[in-house]
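These notes concern the structure reproduced below.
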Amino acid sequence: MSAPVLVACSHGTRSPAGREVIEQFRADLARARPGLRVEAAHVDVQEPFVADVVDRLKAEDVPLVVVPLLLSTGFHVKTDIGNAVASAPGLARAAAPLGPDPRLLEVLHDRLAEAGAAPGDAIVLAAAGSSDPAALRAVEETAAALSRSREGALVVPAYAAAGSPTVADAVARLREEHPGTPVTIAGYLLAPGQFVSKIETAGADRVTAPMAPHPVLAELALSRYDAAAAGLRGV
């Protein structure tokens, strides 16, 4: 039996730049695994939606793995992707989201270096945020790991949408508590869009570029795919 289809499922965005970055991410997956069928899907804003893609592949009777191109669990992973996969029992599986994972630190370090962040900078790890406590804990875990990997640098998590503190509030608090210390926002975001635009105006000295595309992200997504694919029938 051929390998399950990899359904690379992003959030979806109206940003042309964001769409281009996610398409590049998917292209990286296909290049890294020649012969693997990679299909696009989204959970919001942008078609095709993941439920429709799963329905189409179910009609073809081909196995599939939905890989969330998302940095943590939350409503979209548990509900949108979870329900889509549940509609095709035995044929479809959902992989884990990309984070938290130690490999993401390499991506963050590269983006911080590209932005000119110094070892003594205070860092705001800026995520989209979620109403799901597990998603917020994942961001907090990543912030703590980033601090350890930078020899105890000050790293605080913050959120562009749901969650507290907001990115702007975190920057302001660091300015107040550590006067004279440069503040860098490390965007814990995959692609350009409304959240990236929001953190760019939060008052930091510098802001990193979004995390995608990056070779480590492709490797990580494929490892999530492999782990989920191993449990499918006939694989």
Side-chain angles (χ1 to χ4, degrees), residues 1-13 15-104 106-107 128 135 138 188-193 210-235:
M1 179 179 288
S2 60
V5 175
L6 191 163
V7 178
C9 184
S10 71
H11 181 277
T13 179
S15 164
R19 292 186 179 195
E20 184 176 347
V21 164
I22 295 301
E23 283 304 315
Q24 180 65 54
F25 194 164
R26 293 193 186 96
D28 288 345
L29 295 175
R31 273 194 298 270
R33 192 70 61 88
L36 178 63
R37 180 178 171 185
V38 178
E39 294 269 354
H42 314 278
V43 293
D44 199 5
V45 179
Q46 188 179 346
E47 293 183 342
F49 296 122
V50 63
D52 296 330
V53 174
V54 171
D55 283 346
R56 174 166 53 81
L57 294 173
K58 181 170 60 175
E60 295 179 30
D61 196 33
V62 295
L64 65 108
V65 172
V66 179
V67 178
L69 304 188
L70 301 166
L71 291 168
S72 62
T73 192
F75 179 85
H76 291 306
V77 171
K78 293 178 179 178
T79 302
D80 294 314
I81 293 174
N83 288 346
V85 168
S87 73
L91 200 65
R93 275 203 167 194
L98 301 178
D101 191 282
R103 287 167 284 189
L104 293 173
E106 182 179 343
V107 184
Y188 196 55
L189 301 162
L190 287 178
M211 296 172 70
H214 193 287
V216 167
L217 293 175
E219 294 169 11
L220 177 54
L222 286 169
S223 73
R224 299 290 198 242
Y225 164 83
D226 290 335
L232 276 172
R233 72 184 190 194
V235 178

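Residue indices begin at 1 and follow the sequence shown.
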### Message
Quick check for you: to the nearest 0.5 Å, what is the distance between Glu106 atom CD and Met211 atom CE?
### Response
10.5 Å
### Query
After noting the C-alpha distance and the side-chain angles of Val21 and Leu190, does the key distance pass the side chain to side chain contact (heavy atoms under 4.5 Å, CB included) rule?
CA-CA 8 Å; Val21 164; Leu190 287 178; over 6 Å; no
#### Entry: For Ala128 against Leu189, the heavy-atom pair lying closest together
N-CD2, 3.6 Å
#### Entry: Minimum heavy-atom distance Thr13-Gly193, with the two atoms named
OG1-CA, 4.2 Å
### Message
So Val5 and Val53, do their side chains get closer than 4.5 Å, heavy atoms only?
### Response
no
### Test item: Leu104 and Leu220 side chains (from C-beta on) under 4.5 Å apart, heavy atoms
yes
### Message
As a quick check of understanding, evaluate side chain to side chain contact (heavy atoms under 4.5 Å, CB included) for Val54 and Val7, giving each step before the final call.
### Response
CA-CA 8 Å; Val54 171; Val7 178; 5.5 Å; no
### Task
Mind checking the CZ-CG spacing from Phe25 to Leu69? Nearest 0.5 Å is all I need.
5.0 Å
## Note on the structure
Residues at least two apart in sequence or cross-chain that pass side chain to side chain contact (heavy atoms under 4.5 Å, CB included) with Ala17, listed by chain then number, are Ser15, Pro192
### Query
Going by the side-chain hydrogen bond (donor to acceptor under 3.5 Å, both in side chains) test, which pairs reach into residues 80-97, not counting sequence neighbours?
His76-Asp80
### Task
Can you run down the salt bridge (charged side-chain N to carboxylate O under 4.0 Å, His left out) pairs that involve residues 39-53, sequence neighbours left out, and say none if there aren't any?
Arg37-Glu39, Glu39-Arg56
### Summary
Of all heavy-atom pairs linking Gly18 and Ala191, the shortest is O-CB, 3.9 Å
### Which atom of Ser10 lies closest to which atom of Leu70, heavy atoms considered
C-CD2, 4.5 Å
### Task
Indicate the atoms forming the closest heavy-atom contact of Pro68 with Val77, along with that distance.
CB-CG2, 4.2 Å
Compile the donor-acceptor pairs under 3.5 Å between side chains in residues 95-102 and protein atoms, sequence neighbours left out, one pair per line.
from: Asp101; atom 1: OD1; to: Arg103; atom 2: N; distance (Å): 2.8
from: Asp101; atom 1: OD1; to: Arg103; atom 2: NE; distance (Å): 2.8
from: Asp101; atom 1: OD2; to: Arg103; atom 2: NH2; distance (Å): 2.9
from: Asp101; atom 1: OD2; to: Arg224; atom 2: NH1; distance (Å): 3.3
from: Asp101; atom 1: OD2; to: Arg224; atom 2: NH2; distance (Å): 3.3

#### Entry: Residue pair Val43 / Cys9: nearest heavy atoms and the distance that separates them
CG1-SG, 3.6 Å
### Message
Going by salt bridge (Lys or Arg N to Asp or Glu O under 4.0 Å), name the residues that satisfy it together with Arg26, two or more places apart in sequence or in a different chain.
### Response
Glu23
### Message
Taking salt bridge (charged side-chain N to carboxylate O under 4.0 Å, His left out) as the cut-off, I'd like each qualifying pair that reaches into residues 210-223, sequence neighbours left out, listed once.
### Response
none
### Query
Which residue pairs pass the ring pair (Phe, Tyr, Trp, His ring centres under 6.0 Å) test with at least one member in residues 32-75, sequence neighbours excluded?
none
#### Entry: Set of side chain to side chain contact (heavy atoms under 4.5 Å, CB included) partners for Arg33, sequence neighbours left out
Leu36, Leu222, Tyr225, Asp226
### Task
Nearest 0.5 Å please: distance from the CG atom of Leu232 over to the CG atom of Leu91.
7.5 Å
